[in-house]
Amino acid sequence: MSDLLEVKNLSVSFRTPQGELEAVRDVSFSVRAGEVLAIVGESGCGKSVLCRSIMKLLPRDAWIKGGTVLADGTDITAFGQREMERLRGRLFSMVLQDPMTALTPTIPIGKQIAEAVRVHQPRLSRQAVRRRVLELLELVGIDRPEDRCGLCPHSFSGGLRQRVVMSIALASGPKLLFADEPTTALDVTVQAQILDLLRDVQARLGTAAVLVTHDLGVVARAADRVAVMYAGKIVETGTVEEIFYDPRHPYTWGLLRSLPARARQGEPLYTIPGMPPALIDPPMGDAFACRNEYALAIDYQQAPPMFPVSDTHFAATWLLDPRAPRIAPPVGGGFHG
């Protein structure tokens with residue numbers, strides 16, 4: 001499969017009263033046509049900023065400091081808002097975390113979906129737009145679409161509202177869908193339904209997806225590949241099987257140990273000690289060193305490169321350096337450094 005999205009050395013900063021905050025730091029990754037890439041990490045690690053920077057949806061106090069973004073073979077790094085408006089919806093679209101912030105509360109959902117259809121297909125007749133709206137509602141699993149087109153968002157449950165938001169994102173047939181924490185506000189049962197729907201729609205339409213989440217359980221259900229992000233950087237990337245069964249970065253170990261499924265009865269759930277560093281003044285070495293019980297002296301002096309584990313698996317940890325001591329990880333299938 002070819003790369004639909006290729007990001008190289010992307011850095012994004014924010015202006016704050018305390019100084020420049022480096023939210024995304026030298027990030028590189030790619031998304032192939034038709035695959036689901038999950039970007040995981042704690043809140044504040046830069047996941048959402050990374051996706052919004054690609055779509056040029058950053059606030060005024062943020063800017064892309066460096067790097068390049070290739071979308072479907074086109075370098076869009078220097079694109080202005082007018083050029084990006086032509087791409088949004090047609091090339092890529094986004095499903096936001098809270099559907100109520102994406103929907104206008106006083107406008108029926110049918111009209112909101114129809115507006116999204118007309119943006120990129122302005123010559124469609126009223127009847128054709130109506131048919132497309134009903135098709136989209138059926139696609140995302142909303143039954144009785146004819147009856148529900150005239151209802152406003154407050155008439156729907158959280159799960160159904162998220163389905164409506166997904167139909168709007170899919171209205172113009174994008175090649176790449178960004179899903180930013182799409183299940184955060186939903187209960188466990190509805191989360192599973194939305195993830196299954198996302199995977200089903202993605203497979204039926206051949207749409208690639210970038211799934212942003214802090215929940216590794218979501219990753220196991222929906223993704224093909226995983227990029228683990230910490231303090232503005234991607235620290236490990238690999239297939240779902242590689243990340244879950246052969247993780248190599250200590251931060252990934254911590255995330256996996258924090259899963260409720262790994263908790264022993266009667267014992268407290270594991271939490272990674274400490275706090276992420278302030279990115280106004282990032283540490284000189286590995287940003288995870290101060291929270292890493294396996295940290296080496298070099299971790300405090302020099303940031304590690306991405307070491308290859310396999311053709312599809314890479315991790316930025318000095319534990320993969322041939323000179324490093326052999327460490328038995330607390331999770332996964334064993335460390336083979």
Side-chain angles (χ1 to χ4, degrees), residues 1 3 6-11 22 24-32 35 37-42 45-47 50 66-68 216 219-220 223-259 262 270-279 281-337:
M1 290 185 289
D3 288 339
E6 187 175 5
V7 177
K8 298 180 180 178
N9 309 115
L10 185 66
S11 295
E22 301 177 26
V24 175
R25 304 188 295 148
D26 197 31
V27 165
S28 298
F29 71 96
S30 63
V31 182
R32 294 187 290 269
E35 79 166 343
L37 172 71
I39 301 178
V40 302
E42 293 167 293
C45 71
K47 307 183 300 293
L50 174 61
T68 59
L216 277 171
V219 171
D224 300 308
R225 287 193 302 126
V226 184
V228 180
M229 199 166 180
Y230 181 78
K233 289 192 172 187
I234 290 178
V235 298
E236 185 164 9
T237 182
T239 65
V240 169
E241 290 77 13
E242 288 167 334
I243 296 300
F244 274 83
Y245 296 107
D246 190 21
R248 298 304 184 100
H249 197 285
Y251 179 60
T252 310
W253 299 347
L255 292 178
L256 289 169
R257 290 176 70 186
S258 301
L259 289 173
R262 292 184 177 270
Y270 175 82
T271 57
I272 302 173
M275 295 289 290
L279 294 181
D281 185 22
M284 178 174 59
D286 185 350
F288 189 61
C290 62
R291 306 175 71 187
N292 180 11
E293 61 182 295
Y294 307 100
L296 306 173
I298 192 173
D299 282 306
Y300 295 93
Q301 303 164 2
Q302 186 177 342
M306 272 286 194
F307 289 95
V309 179
S310 72
D311 291 341
T312 56
H313 191 185
F314 300 85
T317 171
W318 286 114
L319 292 177
L320 288 172
D321 189 286
R323 299 165 294 179
R326 188 178 181 89
I327 300 293
V331 292
F335 183 76
H336 310 288

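Just so it is clear, the structure is predicted and the values come from calculations on it, not from any experiment. Note that these values count all heavy atoms, side chains included, but never hydrogens, waters or copies made by symmetry.
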Self-check item: Inter-residue atom distance Arg323.CZ - Ile298.CD1, 0.5 Å rounding
Solution: 6.0 Å
Quiz prompt | Considering all heavy atoms, the nearest Thr237-Ile243 contact | solution = C-CD1, 4.1 Å
Quiz item: Donor-acceptor pair, Thr312 side chain versus Gly238 backbone, under 3.5 Å?
Solution: no
Exercise. For the residue pair Leu216 and Ser258, establish whether any side-chain heavy-atom pair is separated by less than 4.5 Å.
Key: no
Quiz item: Looking at CZ of Arg25 and CD1 of Ile234, how far apart are the two atoms once the value is rounded to the nearest 0.5 Å?
Solution: 12.5 Å
Exercise. Search all heavy atoms of Ser30 against all heavy atoms of Glu35 and return the closest pair with its distance.
Key: O-OE2, 4.0 Å
Quiz item: Can you name the side chain to side chain contact (heavy atoms under 4.5 Å, CB included) partners of Tyr294, sequence neighbours left out?
Solution: Pro250, Trp253, Asn292, Leu319, Ile327, Pro330
Quiz item: Looking at side-chain heavy atoms only, is the closest gap between Ile272 and Tyr230 below 4.5 Å?
Solution: no
Quiz item: What is the minimum heavy-atom distance between Thr252 and Glu236, and which atoms define it?
Solution: OG1-OE1, 2.7 Å
Practice problem: Compare all side-chain heavy atoms of His249 with those of Val228 and state whether any distance is below 4.5 angstrom. | Solution: no
Quiz item: What's the shortest heavy-atom distance between Gly46 and Val24, and which atoms?
Solution: O-CG2, 3.9 Å
Quiz item: Do the non-hydrogen side-chain atoms of Thr317 and Phe288 ever get within less than 4.5 Å of each other?
Solution: no
Quiz item: Can you check whether Leu50 reaches Met229 side chain to side chain, under 4.5 Å on heavy atoms?
Solution: yes
Exercise. Could you grab the distance from atom OH of Tyr251 to atom SG of Cys45, nearest 0.5 Å is fine?
Key: 5.5 Å
Quiz item: Once you round to the nearest 0.5 Å, how far does CG of Asp286 lie from CD of Gln301?
Solution: 12.0 Å
Quiz prompt | Over all atoms of both residues, closest heavy-atom pair of Gly232 and Leu279 | solution = N-CD1, 4.2 Å
Self-check item: Considering all heavy atoms, the nearest His313-Arg248 contact
Solution: CE1-CG, 3.8 Å
Quiz item: Has the side chain of Arg291 got a donor or acceptor atom that lies under 3.5 Å from a matching backbone atom of Pro273?
Solution: yes
